[in-house]
Amino acid sequence: MWKIQASAPGKIILFGEHAVVYGRPAIAVPVSHVQATATISPGDAGTGVVLHLPDVGKRLALNDADPGSPLAHVSRLALASLDLGSPDWLVAVRSTIPLASGLGSGAATATAIVRALSQAAGKPLAPAEVSALVYESEMLFHGTPSGVDNTVIAYEQPVWFVRGQPPQPFSIARPFTVVIADTGIASPTSVTVGDVRRGWQADPARYEVLFDAVGQVVHAARRAIESGDVEALGPLMDKNHELLQAMGVSSAELDALCAAARSAGALGAKLSGGGRGGNMLGLVKVGDALMVQSGLRSAGAVRTIITSIGVERSTSETQACASLR
Ligand code: PMV
């Protein structure tokens, strides 16, 4: 029996979430320690494409799946753009990326499916094409996505992202290490994005000032990353976190993990992604990573990842295996 498998990484936003929905830049990087995988094998005759999602105990037959289902939607779009018709295929989708936690689980799952379908069709798609298809499913997941998640995951490299523009890869002069920690609280991005929108509609002047301030932080972070001034990134993360607090998207749990990371030696810390729950990250000196990881665990983190940004992928993946707890 033939099988075709493709995968996609998770992601973290280093700087700029929420303001990126309003045209300010963001910096995001893939996180290959967590992955979504789609495996295609022959299905029963006459069933068409069936998505099997054992992690959430669901089966979606594309012939009759709800049009509002993001994964059914992106699969239909991919089948059409690859001229595949309706083959009898079973697509098993697994993911180690926690749901609704700011690590890009929706975009990664959709990317894995699109990549697997394009491989099965023998028509490899460019990252820009994958990203554009996945963006369509993000619209169903999020409502008004900026496009940062589908972009960083489909391109699988650190990106400087501005809504509506092609992503700009940028150079990382000196690798740096972050510890990512999960509050364990699922928080759908659509809710926090909706709340920020309501805040902005009620008081546009205040929110525009906050978004501009985030934009300045993101520009300063890019300069620091490109010049290898890693230490400067810590205070910039703290500042970005304060601005996200002012937007109302932090939470007691995220604030507690950020404080724990700083007191265990992190150079700076912030929430990452939609907020209210999900993950935060702390910038650390390599030698302090385990100490900060342990401080975060004592403060209630349910899972931590230590990742190096700006190193060759194979090295990073070797570290990933060692550091994922
Ligand atoms: O999917 P999340 O939780 O990482 O959030 C994506 C980042 C936001 O800026 C909050 C939303 C967006 O579409 O950019």
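Remember, it's 1-based here, ligands and their atoms both numbered in the order they're listed. Since this is a predicted model, take the numbers as computed values, not measurements.
- How far NZ of Lys285 is from CG of Leu267: 6.0 Å, rounded to the nearest 0.5 Å.
- Each salt bridge (Lys or Arg N to Asp or Glu O under 4.0 Å) pair with one or both residues in residues 139-150, not counting sequence neighbours, appears once here: Lys11-Asp149.
- The aromatic rings of Trp160 and His219 stand perpendicular to each other, their planes meeting at an angle above 60°, with 30° marking the opposite boundary.
- Under 3.5 Å, the side chains of Gln5 and Thr39 contain a donor-acceptor pair of N or O atoms.
- Counting heavy atoms from C-beta on, the side chains of Thr307 and Val29 never come closer than 4.5 Å.
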Go through the steps to decide whether Glu136 and Arg76 satisfy the test salt bridge (charged side-chain N to carboxylate O under 4.0 Å, His left out), and finish with yes or no.
CA-CA 11 Å; Glu136 299 295 323; Arg76 289 192 184 105; over 6 Å; no
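- The 4.0 Å heavy-atom shell around ligand 1 contains residues Lys11, Ile13, Glu17, His18, Val20, Val21, Gly102, His142, Pro145, Ser146, Val148, Asp149, Thr189, Val193, Gly273, Gly274, ordered by chain and number.
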